[in-house]
Amino acid sequence: MDYAIEINNLSKRFERFHLNNVNLALPKGSIMGFIGENGAGKTTTIKLMLNLLKADLGSIRILGLDHVRDEKKIKEATGVVFDESSFHENMKPKQISKVLGRIYKEWDEPLFYEYLERFRLPANEDIKGFSRGMKMKLSIAAALSHHPKLLILDEATSGLDPIIRNEILDIFREFIQDEDHSILFSSHITGDLEKTADYVAFIHEGRILFSRSKDELIDDYGLLLCGSEDFKSIDKKDIIGYRGNRFGYEILIRNKDQMKQKYKGLTIDSVTIEDIMLFYVKGEESI
Amino acid sequence: MIGLLLKDFYILKQYLKTMLLMAAFFVLISTGLDNPAEFISGFIVLICVMMTITSFSYDALANWERYALSMPVTRKEIVGSKYLLSLILCLAGAAVSFPVSLAVLKMTGPVEGFGMSEYLYSSVALISIAYLYIAVLLPLIFKFGVEKCRLIMIAVFAAPTAALIALSKAGVSMPSEASLKAFIQLLPALVILLNLVSYFISVRIFSAREI
């Protein structure tokens, strides 16, 4: 299989944080949701991929190229959107097009203006007056207008209202129609991922807890519901995380079908990605 | 690289307008001074140094560096563009201050003991010193970021003055006019060389920096 992103044994140590042996593979033509709470290591991983930070250990290949040796080539073919707009407040979209036109070989000014129109962004006004949503849409328009093959989005939809988020997700879906295109999409808004992602990678305290296809994930995991009496009889090694109160317990389990056989009288619900994330991070805490 | 420079000119456009307004005001004031030409060259050069620094502040405010580096832009190009910007600004400053000073001199009449030759020497000295500041400041900004550099900047500006005062207090006499002029003739080449060295230092610093 061809990969848009291949990360092997990536490690980076900071004073207070350790990115530990991260492995990640994003097959070409798909969208990977990169989830985890704030501070789990999403941005660090992305910064390492972009060579903004230097890795202690490990290798990163993007679009089949080495991320340091072929940095310029990779960046010609990649569009990046950060959580905050990085354009100067006293610039106008028109000027941005002129600047990026000098930076990217493949800059497509008519396409950029098409996106501006579609997003209802004025070309000739200072960015100063733009709302957060408008700035984000501008960043996305800029990231798409040099015909990239890979989009890297770091919390690009966080802090936006649902209508704009959906508008943006539609753009991503369009982008991915071309099977040569791929998206890495970091977010803690798991609902957006549920709607768009093919793969989900979950990072927690600097480690990848899992990285697999979303459908598999949803099929595999389940939420077992039971009372406190039944809870005692449940095999400890089946429990990934649980939440309990005096009315009963919710337990995150894997191998849903097998568990249905094992615990016949008990209900097993399907899960959302958010459930999985919450139970891993916050599980085993009684509420 | 051209893209980066273009970006700097766009973001400095507004600032430049403000500065030109201020410059016009200072030119008016200068007509009342004993030596307006020297004063005009002095502040125009200062404005040019300030504009280079301001471009860094705007970049920091926008979180521009990480974005620039996510594009096909190398760290070397980012450093190079700033050195080029400062050179262009210093030369542009010189190009503006020269005719303006001459015009003011014509209006106010000649200054005693400050002929064309003295004027040229003092202009060259001022521009060179401004460019020398750039050579000292830019590696510091690339190392510590522009915000942390504000205090260092004051120190860098104050140090030569302090040194001069100390020297004159210690009874060291001023060099003769002839040797001063010889020094000023060498100064531009020396400062350009220093900037070249400074550029390589900045590239090293910035390449090692994690963003």
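Order of the sequence lines fixes the chain letters, A, B, ..., with proteins taken first and strands second; residue numbering starts at 1 for each chain. Note that this is a predicted model, so its numbers are computed, not measured.
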What do you reckon, is NZ of B:K76 surrounded by more than 12 foreign heavy atoms closer than 6.0 Å?
no
Chain B: which of A:L50, A:L100, A:V80 shares the most heavy-atom pairs with it under 4.5 Å?
A:V80
A:K98 NZ to B:L6 CG distance, which is reported to the nearest 0.5 Å
9.0 Å
So how far is it from A:E71 CD to B:R75 CZ, rounded to the nearest 0.5 Å?
7.5 Å
Might you confirm whether atom CG of B:L180 has over 12 heavy atoms from other residues, nucleotides or ligands at distances under 6.0 Å?
yes
Give a yes or no on this: more than 12 heavy atoms of other residues, nucleotides or ligands lie within 6.0 Å of atom CD of A:E109.
yes
At a 4.5 Å cut-off on heavy atoms, which part of A:K73 comes close to chain B: side chain, backbone, both, or neither?
neither
Does A:K149 have more than 12 heavy atoms from other residues, nucleotides or ligands lying within 6.0 Å of its NZ?
no
For chain A, which candidate among B:V73, B:T74, B:D59 shows the most heavy-atom pairs at distances under 4.5 Å?
B:D59
Atom group of B:L61 that falls short of 4.5 Å from chain A, counting heavy atoms
neither
Chain B contact via A:E76 - side chain, backbone, both or neither, heavy atoms under 4.5 Å
both
Measure A:K72 against the heavy atoms of chain B and call it side chain, backbone, both or neither at under 4.5 Å.
both
Please work out which of the three classes, parallel, tilted or perpendicular, describes the rings of A:H88 and B:W64, given edges at 30° and 60°.
tilted
May I ask you to decide whether B:R66 forms a salt bridge with A:D83, counting only side-chain N to carboxylate O separations under 4.0 Å?
yes
Which of B:A208, B:P72, B:A62 touches chain A most, by non-hydrogen pairs under 4.5 Å:
B:P72
Does A:R13 have more than 12 heavy atoms from other residues, nucleotides or ligands lying within 6.0 Å of its CZ?
no
Heavy-atom pairs under 4.5 Å with chain A, option from B:K7, B:M71, B:M1, B:R209 with the top count
B:M71
Please classify the contact of A:I127 with chain B as side chain, backbone, both or neither, using a heavy-atom distance under 4.5 Å.
neither
A:K12, part contacting chain B, at a heavy-atom distance under 4.5 Å:
side chain
If you count the non-hydrogen atoms of other residues, nucleotides and ligands that lie under 6.0 Å from CZ in A:F14, is the total more than 12?
yes
For A:K135, is the NZ atom crowded, meaning more than 12 foreign heavy atoms sit under 6.0 Å from it?
yes
Of all heavy-atom pairs between A:Y104 and B:S70, which one has the smallest distance, and what is that distance?
OH-O, 4.5 Å
Has B:E147 got more than 12 heavy atoms of other residues, nucleotides or ligands less than 6.0 Å from its CD?
yes
What residue in A:M49, A:K105, A:M91 has the most heavy-atom pairs under 4.5 Å with chain B?
A:M91
With a 4.5 Å limit on heavy-atom distance, are the side chains of B:E210 and A:K47 in contact?
no
Enter the distance from A:K54:NZ to B:S207:OG here, rounded to the nearest 0.5 Å.
7.0 Å
What distance do A:I103 atom CD1 and B:E77 atom CD have between them, rounded to the nearest 0.5 Å?
8.5 Å
Within the 4.5 Å heavy-atom criterion, are A:N90 and B:Y58 side-chain neighbours or not?
yes
Is there side-chain contact between A:F82 and B:N63, with heavy atoms separated by less than 4.5 Å?
no
